[in-house]
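Just below is one structure, and these are the notes that go with it.
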Amino acid sequence: MSSVRWRRMTAHPLLVCAAISLLACSCAASPPAPRARDFRTAISRIKRRDPGSPAVLSAQLAYADFLLGAAPGPCAQRLALAQPPLASVEANPEARVISPDALARAAGLEYRLHLERAACDGNVDRDAELLAALAAARRAVPLYRNVFDYHSMVIMQFDTGVVLHQLGEQATALAALEVALDMDREYGFGDDAAQNYELLLDWQGKAAGPAQVAALMRDFPKRRAILKFAWGARDAQITLENRRESIDDGRIFASRAAASFERRISPDHDGSWSVSYLHRLSHYLPGVWPTAEDPHASPVAFAPAALAAVGFKVSASGQFEGVTDSRMFSARLVAVAQRLIRARAPSGKLVHDVMDEAVEATPDVLSPGLLEAATAEDYALQTAMWVGATLEQGVWYEISAPLALPGFPRVVLRHRITFAFTRMVPCSARAAPPQCVEIIIRAAPDRQALIDFSGYPWDPQYAGSIEARIVTDPATLLPYTLEERISWYDPDGRGDALVESDHVVSTAAYRDGIDSSTRAMAGRASR
């Protein structure tokens, strides 16, 4: 990777067959159930076609899951076969960069492996295997939390209690189970809570019949978020951080972009709202150069972070009406980014050529059109999608909408989007009462849209995903936090795949806060 990263961020044909479908086809071809041979064949086929594809990780995890569950044969043999694919996933840098959920799943499968080995293999140290299972379950809890898979997170927390109980650590096991129940209440997992209360009563040596469980479930919260657009004049300090990672020749390169500025929401005479920004470039770090570069390696550069802090207007009902200063801001942003690219360039004999390419490409990366598109998409995700919505906690909804293709900001394709109201949270670190709602969004490009875009009558190898966490006030739809994990994989046909991810966190600290006494009843999230 001797060229700057964003030179490939242009539309081009996406090739060959979607690797993940190969496993599904293999499984479907051997009814009524797949065999271990089918999984191994599918993994080999994917590696031959596209060895760097994220589908390899998915296939390896599916194989391990099969060996730990439905596969026939002696348990010791199955467990021995399950270890290599798990170890391969955990050692693969792609799992960290574009598939962090694979690391969480691998930890969960490792828990099952050690737990089953403790039960079925008389030649192993049972307590050692249980301790290994406990370590894997504890590792899986934050991994699932980081990818917003809260239900799996709670299950793994429950599993820590199960293992502790088997180890004879009764008090610690009860404490772990109570933590899982607190999570059930926070995230609204009622079915899990009822089963967990039954186990809790049993461990406590109490009656654990339906009546006792029902008594504990009597005050279990049932929440609904009613979202209302009711902006007011507000000034906020915005803090933005984008941590990016890329893989080249098996090595992970990381970069950090950042900015802080002020956002002002002002009323217009017709009831609409204007959003403007102050000091947008005073604390801007484009994050072009890696944070820890090997001085002997070829120079690597990331695209400068597109600071979507363009002024815009919103109607009285919350509809996006357009940007106001994209051309002027783009010109200033390009000039600042180019200056910082030169000033922060690392040493090395090849850096000069990469730096020149980076400076030359910056006007295209930070063009008015791309800044306008990013501004509109951010507002849609944080606010426009939720105007007038009513969401039941824990219910996943699905829609289809156009979004920028991860890694290709100039390409807009239809995406399949699922989302859910997951819990009540404090609006900010300074606000203790949980008055804001957290909404999790998952989006992936529609496969048919990718096929249509590529111009080929088969699935492309490209893989991309967007996961977002939004914290907003349901009474006003004033946004507080937008956290996005955007990742993509795209082979260029010569074995030099583009593997990158962005972890973007934007937070707003409102100067005057929100007076809880003025919160509209219609905007509350009810229990």
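Excluded from the calculations below are hydrogen atoms, water molecules and symmetry mates; all remaining heavy atoms, backbone and side chain alike, are included.
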Hey, are Y144 and Q157 close enough side-chain-wise for a donor-acceptor pair under 3.5 Å? no

Using the ring centroid of each side chain, check whether H151 and Y187 are separated by less than 6.0 Å. no

Which class fits the ring pair F419 and W386: parallel under 30°, tilted 30 to 60°, perpendicular over 60°? perpendicular

Answer yes or no on whether R430 is positioned over the face of Y510, meaning its NZ or CZ is under 6.0 Å from the six-membered ring centre and within 45° of the axis. no

When you check the gap from the basic side-chain N to the acidic O, do E467 and R469 get nearer than 4.0 Å? no

Does the ring centre of Y489 sit less than 6.0 Å away from the ring centre of Y462? no

Calculate, to the nearest 0.5 Å, the distance between atoms OG and CG belonging to S152 and D159 respectively. 10.5 Å

Closest approach of S428 to Y480 (non-hydrogen atoms, all atoms of both residues): CB-CD2, 4.3 Å

Can R423 and E186 be counted as an ion pair, charged N to O under 4.0 angstrom? yes

Give me each pair satisfying salt bridge (Lys or Arg N to Asp or Glu O under 4.0 Å) with a member in residues 188-199, each pair once, sequence neighbours excluded. none

If you count heavy atoms of other groups shown closer than 6.0 angstrom to CZ of R416, is the number above 12? no

Should the pair E90-R139 be classified as a salt bridge under the 4.0 Å nitrogen-to-oxygen rule? yes

Looking only at heavy atoms, the pair that brings P267 and A233 closest together is CD-CB, 4.0 Å

Tell me whether R126 at atom CZ has more than 12 heavy atoms from other residues, nucleotides or ligands lying less than 6.0 Å away. yes

Partners meeting ring pair (Phe, Tyr, Trp, His ring centres under 6.0 Å) with F261 (sequence neighbours left out): Y277

Ring centre gap for W396 and F421 strictly below 6.0 Å: no

First locate atom CZ of F320, then atom OG1 of T375, and finally report the distance between them rounded to the nearest 0.5 Å. 6.5 Å

Quick one: closest heavy-atom pair of E321 and S315, and the distance? OE2-CB, 3.2 Å

Any side-chain to backbone donor/acceptor pair from T476 onto L478? Under 3.5 Å, distance only. yes

Would you say R78's side chain and G73's backbone share a donor-acceptor pair under 3.5 angstrom? yes

Without swapping roles, check the side chain of S501 against the backbone of V97 for a donor-acceptor pair under 3.5 Å. yes

Note: E110-R112 ion pair, threshold 4.0 Å (strictly below): no

Under a 3.5 Å threshold, yes or no: a donor from one side chain and an acceptor from the other, between S260 and T239? no

When you measure from the side chain of Q382 to the backbone N and O of Y379, does any donor-acceptor pair fall under 3.5 Å? no

Start with the C-alpha gap between F312 and W273, add the side-chain angles, then the distance that decides, and say whether ring pair (Phe, Tyr, Trp, His ring centres under 6.0 Å) holds. CA-CA 9 Å; F312 61 94; W273 300 94; over 10 Å; no

